[in-house]
Amino acid sequence: MSDYYHHFLSSMAGVGGHPNADQLDGSQSIPPPPVIPMGGPQLSNPYQSLGYFTSFPDPVMFNAPKSQRSRRKSAPGLDHIKHRRTRSGCYTCRSRRVKCDENHPICERCRKGKRECIYPEPPPPKGSGSVGSRDSAGPSQQTSPSSSHGDDDDDGDDQDSKLDPIMDEDEDEPESATSQSSAHNFPLLRRSSTTSSFGLQRVGSGHRHGSETPSFDANKGSSSPSASTSVVGSLTPALLHLSDTALPSPGLRPDWSLLPHELQFYLGYFCETITNYHYCIVSDADDFFRTILLGMAIRNEALLYAVVGFSAYHHALAKPNGRMDEFLLYYNRSVTLLLTFLKRKEKHSVATLLTVLQLATIEEYLGDWVNLMGHQKAAFEILTQLFTPQSIMQTSMGRMVLKWYARFDVFIGIMGSFETTLPREWFSASIEYYDGMAAAETENVGWKIDACASRLRLISMEMSLLFGKGAKQDVSEDEYVAEHQRLSVALDNWKENWDPALKDPDFLVTEFTSNRTPDPNDIVSPFTPAVLFGPPLFASTILTCEWHSIALMLGSQTASEMSESSRASMMEHAYAICQICEAVEFWPLSPAGSLIILHPCVAIAALFVKRDARHHMWIRKKLALLEVMGYISPATMRARMAELFLDESCIRWWLPNDEGFSPILQNIRAFADERNAMAVSAQSENLRQIRHVFSRMRLGQGAGIPEGGGGGNNDDEAA
């Protein structure tokens with residue numbers, strides 16, 4: 001893999017570079033981003049690029065790793081200066097990559113920033129060790145990348161063998177020191193005495209061990225594992241590889257009873273609460289995330305900690321007094337282990353690819369597009385090394401990997417106005433495979449759902465190619481118009497040509513009970529019948545909503561000013577999205593995470609509903625709910641939505657009086673905002689913060705759908 005990803009991972013726990021003291025020590029983590037002035041050059045189409053609202057960076061740094069490497073090496077102090085540092089600073093400062101003054105019990109930075117301050121336990125005296133450490137000494141210690149060389153305050157010569165991404169400077173640190181000082185926070189994994197990896201025994205999905213089912217009552221403090229509950233055995237030497245011939249089988253839940261209690265807890269919590277919708281995947285007929293993914297995770301440490309970290313993140317948000325320290329510890333541990341593995345330059349495995357994709361999902365939840373795009377680039381390299389368009393479709397593992405990666409590729413491409421990295425043949429191969437399976441197993445609606453979804457992905461990919469070429473002016477106006485028209489027809493045909501089984505009226509939800517009373521400020525009714533499809537066709541609901549949003553995305557990228565009829569059609573799509581999202585939110589049987597997969601639909605619909613306080617507040621409530629669920633909106637997006645809503649208070653929080661803005665959410669938001677701001681700053685030489693077309697956008701009442709719901713033009717815009 002290109003060296004750029006090594007540098008990238010080294011800064012993952014808090015992107016390199018040092019913000020000013022006011023940002024780090026003030027009571028507010030980072031100052032509010034400035035609201036972009038309204039006004040500027042008039043446009044024929046004010047929605048020329050949707051990326052304006054998400055502030056996607058230009059991906060040049062990820063497409064040119066060689067030149068990036070040369071730039072990084074020439075940067076002062078990056079690779080040539082060794083810094084002395086401490087390993088006894090608090091975890092909060094280390095995860096933020098800032099200097100800790102080590103005041104006890106609370107350091108000065110955490111005190112001023114009102115953050116949680118957690119210190120590692122003091123390391124044991126030199127020369128002493130536990131039984132586990134004595135057992136682990138021997139030949140394996142010489143070859144393990146986690147072996148320590150040198151004393152505590154010197155980097156030594158073998159930097160590649162000493163890593164920890166939560167330091168104050170962009171440098172390496174022996175893992176053995178970390179495992180000693182943070183043993184109460186990082187559960188050390190043990191091997192079974194009869195196997196070569198973690199808990200390889202498997203049980204059927206209908207059977208669970210008692211230790212695998214902790215109480216998930218968020219109101220009971222005992223349901224959350226303590227960070228110091230158990231330390232088992234000694235750390236396994238390195239990432240455990242899983243051969244392709246030993247992939248976990250679909251439908252079988254792995255046995256993790258040999259893992260430490262806190263890891264068992266979070267894996268159990270993952271099984272009970274996380275679905276494919278949390279990963280923004282429309283369908284998961286093989287129950288991949290709760291069986292295959294977890295089966296892989298218990299055999300690979302980096303993947304295990306990434307999955308556990310994702311589970312810990314959601315668990316913290318679900319608790320009234322949740323804490324984010326455990327999520328950060330598991331997350332940092334995963335990054336450390338992945339980087340250690342990559343530095344050994346061993347052959348990549350499916351587990352490596354899954355680890356990168358899981359970390360990318362975490363970055364998306366934190367609203368960190370720069371880091372997400374870095375993972376996407378690495379995932380593409382690994383995916384194309386391991387698979388071909390045909391071979392990836394032959395296993396349930398490969399098919400889900402393609403869905404997972406292609407979703408990132410298309411989503412980022414459309415929102416950022418640049419071309420996808422995955423060639424068309426990969427999308428075409430998936431359509432061919434699913435069509436064949438649907439024809440062979442005509443009663444299996446799952447294959448039909450996948451075939452339908454794969455066709456929509458192909459249309460989305462072709463949209464991304466068109467938008468990317470248009471942004472780079474690599475296509476003439478006539479060519480752009482012709483391709484845009486072809487895609488419009490293809491999108492309409494996609495919806496009209498659904499298999500009848502996917503729109504069976506017998507599965508429409510015609511009525512449902514809810515404790516919610518109608519709100520006079522609602523812009524749509526959540527109780528409208530025949531909006532949702534129930535199982536097994538709930539995916540049809542998601543696909544319908546995505547179709548409306550893609551129609552909006554395509555319609556917003558016309559080469560000329562929208563006509564009145566086009567604006568009316570766009571508004572119809574927007575209200576259809578709002579109707580579906582409202583119904584999904586309040587239907588008692590909606591699957592967990594199903595509103596999260598609809599987040600892009602909500603964002604695009606916000607641009608095309610009526611411009612008045614009632615509609616704005618409805619959208620703001622949905623964006624707030626998504627953040628409560630863990631899907632953080634970047635500060636730049638909030639600034640631009642505040643511009644859209646004409647209310648700067650949205651930059652801090654979506655709702656008045658901090659309604660729903662819990663302490664844990666405030667901590668996560670502050671952490672994400674600071675981290676994302678540092679990411680953009682650290683990559684400023686390689687990125688343009690906003691593409692040229694973004695800066696030309698103009699917002700206001702006259703820029704799109706006016707208050708009355710009809711057409712409008714920029715001349716009517718209020719100052």
Side-chain angles (χ1 to χ4, degrees), residues 204-206 249-253 274-293 392-404 406-407 410 427-460 490-512 529-550 576 580 583-584 587-598 601:
S205 58
S249 301
L252 296 178
R253 185 162 295 177
I274 304 299
T275 70
N276 54 290
Y277 299 113
H278 288 91
Y279 288 85
C280 300
I281 303 295
V282 172
S283 62
D284 182 14
D286 293 321
D287 203 14
F288 168 87
F289 290 101
R290 291 187 291 184
T291 59
I292 301 177
L293 179 64
I392 201 169
M393 300 304 300
Q394 301 308 309
T395 65
S396 56
M397 167 74 74
R399 294 191 291 272
M400 184 55 72
V401 163
L402 181 58
K403 288 182 186 179
W404 199 346
R407 185 256 161 189
V410 171
F427 297 87
S428 300
S430 68
I431 294 175
E432 182 179 352
Y433 176 85
Y434 289 128
D435 279 348
M437 295 305 299
E441 302 179 18
T442 56
E443 299 301 316
N444 189 330
V445 72
W447 295 124
K448 296 178 180 180
I449 290 172
D450 284 332
C452 187
S454 63
R455 279 186 166 77
L456 188 60
R457 265 199 309 273
L458 176 60
I459 295 173
S460 301
L491 196 58
D492 289 340
N493 289 340
W494 176 86
K495 189 64 173 66
E496 294 173 1
N497 294 328
W498 272 25
D499 188 294
L502 300 184
K503 48 187 179 181
D504 188 339
D506 290 342
F507 294 100
L508 283 170
V509 178
T510 56
E511 60 180 31
F512 60 86
V531 171
L532 304 180
F533 284 94
L537 297 184
F538 188 80
S540 294
T541 302
I542 304 299
L543 289 172
T544 300
C545 197
E546 290 187 349
W547 173 75
H548 285 295
S549 68
I550 292 172
I580 292 173
V584 167
W587 187 41
L589 300 181
S590 290
S594 52
L595 196 60
I596 289 178
I597 194 176
L598 300 179
C601 307

Kindly state whether the ring of Y279 and the ring of F288 have centres lying under 6.0 angstrom apart. no
V531 vs W587 side-chain heavy atoms within contact, under 4.5 Å: no
Please round to the nearest 0.5 Å and tell me the distance separating atom CD1 of I542 and atom CD1 of I281. 12.0 Å
Atom CG in L293, atom CG in D284: separation rounded to 0.5 Å? 9.5 Å
Please find the pair of heavy atoms, one from S460 and one from I550, that lie closest to each other, and give the distance. OG-CD1, 3.2 Å
So CG of L502 and CG of N497: to nearest 0.5 Å the spacing works out to 12.0 Å
For the residue pair I459 and A490, what are the closest heavy atoms and their distance? CD1-O, 3.7 Å
Hey, are the side chains of L456 and E546 touching, using non-hydrogen atoms and a 4.5 Å cut-off? yes
How many angstroms lie between atom CG of D492 and atom CH2 of W547, to the nearest 0.5 angstrom? 6.5 Å
Heavy-atom closest pair (V410 atom, R457 atom, distance to 0.1 Å) is CG2-O, 4.2 Å
Here the pair of heavy atoms bringing C452 nearest to W494 is O-NE1, 2.9 Å
Whether W447 side chain and Y433 backbone form a donor-acceptor pair below 3.5 Å: no
Check whether any side-chain heavy atom of S540 lies under 4.5 Å from a side-chain heavy atom of F507, and answer yes or no. no
Give a yes or no on whether the backbone of V584 and the side-chain of S590 come within a donor-acceptor separation of less than 3.5 Å. yes
Would you call K495 and T544 a side-chain contact if the rule is heavy atoms closer than 4.5 Å? yes
Using only atom types and a distance under 3.5 Å, with no angle test, would you say the side chain of R399 pairs donor to acceptor with the backbone of M393? yes
Less than 4.5 Å apart, any side-chain heavy atom of Y434 and any of R455? no
Quick check: does any side chain N or O of T275 sit under 3.5 Å from a backbone N or O of G593, one acting as donor and the other as acceptor? no
Atom pair CG (L537) and CG (L532), whose distance is rounded to the nearest 0.5 Å: 12.0 Å
Look at the side chain of T541 and the backbone N and O of F533, then say whether any donor-acceptor pair between them is shorter than 3.5 Å. yes
Report the distance from atom CD1 of I392 to atom CE of M400, rounding to the nearest 0.5 Å. 11.5 Å
Shortest non-hydrogen contact from P536 toward I449: O-CD1, 3.8 Å
So, the side chain of K448 versus the backbone of E443: is there a donor-acceptor pair under 3.5 Å, distance only? no
Check P591 against Y277 and note the closest heavy-atom contact, atom names and distance. CB-CE1, 3.5 Å
Pairing of K403 and D450 as salt bridge, 4.0 angstrom limit: yes
I want to check something: taking the side chain as every heavy atom from C-beta on, are H278 and F289 in contact at a cut-off of under 4.5 Å? no
